[in-house]
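Position 1 is the first residue of the sequence, and the numbers go up from there.
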Amino acid sequence: MSQIILYNEKIDKMAFIQADIADGKISFTGLEQAADLDFATPADQIEPTLAALTTADTFTLNEGLDGKFKSMTYGEWEALRCAQASAGIKAKVDELAVSDETKAEIKGFFDSFTESMTIKYIQGKRSWGQIYGELFEDFSKLAK
């Protein structure tokens, strides 16, 4: 039995379900939570749609902005969530009462941090000390 994230990207809401893959058949536990996620997919089509997409590599079943479900691996899920967080923080930076140059610099810090985190988690090649050291170097540029 595997835990899978059931996610509605449009409203940024998720639930955890269980999937059991045995003898080429897939069964779900906790799928009743789908009713709370306000999917565009009709309720009577949720289970067959998800069953057709679920594999041993499935980490998330995501109903995307286009209203269609897709199976996502852990790496794909992390990339999506990272992109969402990055867009959110950049929108907040745009609201700051600072010059456009400063906004671009701050956004660059977040881009650099994201790149470091990607190297750390996806490639396993960077320590927390290195990541925070790089972030400190970026923020130190503000003290010019």
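Ring planes of Phe59 and Tyr74: perpendicular class, angle over 60° (limits at 30 and 60°). Ring planes of Phe113 and Tyr132: tilted class, angle from 30 to 60°.
Side-chain atoms of Asn8 come within 3.5 Å of backbone N or O of Leu37 as a donor-acceptor pair. With hydrogens and angles disregarded, a donor-acceptor distance shorter than 3.5 Å links the side chain of Asp66 to the backbone of Lys68. Counting only distance, with no hydrogens or angles, the side chain of Glu78 and the backbone of Gly75 share no donor-acceptor pair below 3.5 Å. Although no hydrogens or angles enter the test, the distance criterion places no donor-acceptor pair under 3.5 Å between the side chain of Gln33 and the main chain of Ile17. Checking side-chain atoms of Lys70 against main-chain N and O of Asn62 turns up no donor-acceptor pair under 3.5 Å. Without hydrogens or angle criteria, Gln130 side chain to Ser127 main chain gives a donor-acceptor distance under 3.5 Å. A donor-acceptor pair under 3.5 Å is formed between the side chain of Lys13 and the backbone N or O of Asp36.
Put simply, the side chain of Phe28 does not reach to within 4.5 Å of the side chain of Asp20, judged on heavy atoms. In this structure, the side chains of Leu6 and Leu31 come closer than 4.5 Å at one or more pairs of heavy atoms. Inter-residue side-chain proximity for Glu115 and Thr118 is flagged as unmet; no heavy-atom pair is nearer than 4.5 Å.
Between Leu50 atom CG and Phe39 atom CZ the span is 7.0 Å, to the nearest 0.5 Å. Rounded to the nearest 0.5 Å, atoms NZ (Lys103) and NZ (Lys92) are 15.0 Å apart. Expressed to the nearest 0.5 Å, how far NZ of Lys125 lies from OG of Ser116 amounts to 13.5 Å. Once rounded to the nearest 0.5 Å, the distance linking CD of Glu76 with OG1 of Thr73 reads 3.5 Å. For the atom pair OG1 of Thr60 and CD of Gln3, the computed distance is 10.0 Å after rounding to the nearest 0.5 Å. The OG1 atom of Thr54 lies 10.0 Å from the CD atom of Glu47; values are rounded to the nearest 0.5 Å.
The closest side-chain donor-acceptor pair between Ser112 and Asp138 falls under 3.5 angstrom. Between the side chains of Thr49 and Thr41, no donor N or O sits under 3.5 Å from an acceptor N or O.
Heavy atoms only, all atoms of each residue included: Ile131 and Met117 are closest at CD1-SD, 3.6 Å. A pairwise comparison of heavy atoms in Ala51 and Ile26 identifies O-CD1, 3.2 Å as the closest pair.
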Show your reasoning for whether side chain to side chain contact (heavy atoms under 4.5 Å, CB included) applies to Trp77 and Ile5. CA-CA 10 Å; Trp77 170 248; Ile5 297 170; 3.7 Å; yes

The test is side-chain hydrogen bond (donor to acceptor under 3.5 Å, both in side chains); show your working for Ser71 and Thr58 and say whether it passes. CA-CA 6 Å; Ser71 175; Thr58 300; 2.7 Å; yes

Run the side chain to side chain contact (heavy atoms under 4.5 Å, CB included) test on Asp94 and Lys107 for me, step by step, so that the C-alpha distance in whole Å, both residues' side-chain angles and the decisive distance to 0.1 Å come before the verdict. CA-CA 9 Å; Asp94 282 337; Lys107 288 178 184 180; 2.6 Å; yes

What verdict does the side chain to side chain contact (heavy atoms under 4.5 Å, CB included) test give for Leu80 and Glu9, after you've listed the backbone C-alpha separation in whole Å, the side-chain angles of each residue and the deciding distance to 0.1 Å? CA-CA 10 Å; Leu80 171 67; Glu9 186 174 349; 3.5 Å; yes

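Following chains of ILVMFWY side-chain contacts shorter than 4.5 Å, one can reach Phe110 starting from Leu96, so the two form part of one hydrophobic cluster. Grouping the Ile, Leu, Val, Met, Phe, Trp and Tyr side chains by contacts below 4.5 angstrom, directly or via other members, places Leu53 apart from Met1. Put simply, Ile119 and Phe136 are part of two different groups of oily side chains (I, L, V, M, F, W, Y) that touch within less than 4.5 Å, one to the next. Taken together through direct or relayed side-chain contacts under 4.5 Å among Ile, Leu, Val, Met, Phe, Trp and Tyr, Ile4 and Phe69 form part of one hydrophobic cluster. In this structure, Ile46 is a member of the same hydrophobic cluster as Ile21, with clusters built from ILVMFWY side-chain heavy atoms closer than 4.5 Å.
Remark: Lys90 engages Asp111 in a salt bridge, criterion side-chain N to carboxylate O under 4.0 Å. Ion pairing between a basic and an acidic side chain is recognised when a charged N comes within 4.0 Å of a carboxylate O; Asp38 and Lys10 show no such pairing. For Asp12 and Arg81, the salt-bridge test passes: some basic side-chain N is under 4.0 Å from an acidic carboxylate O.
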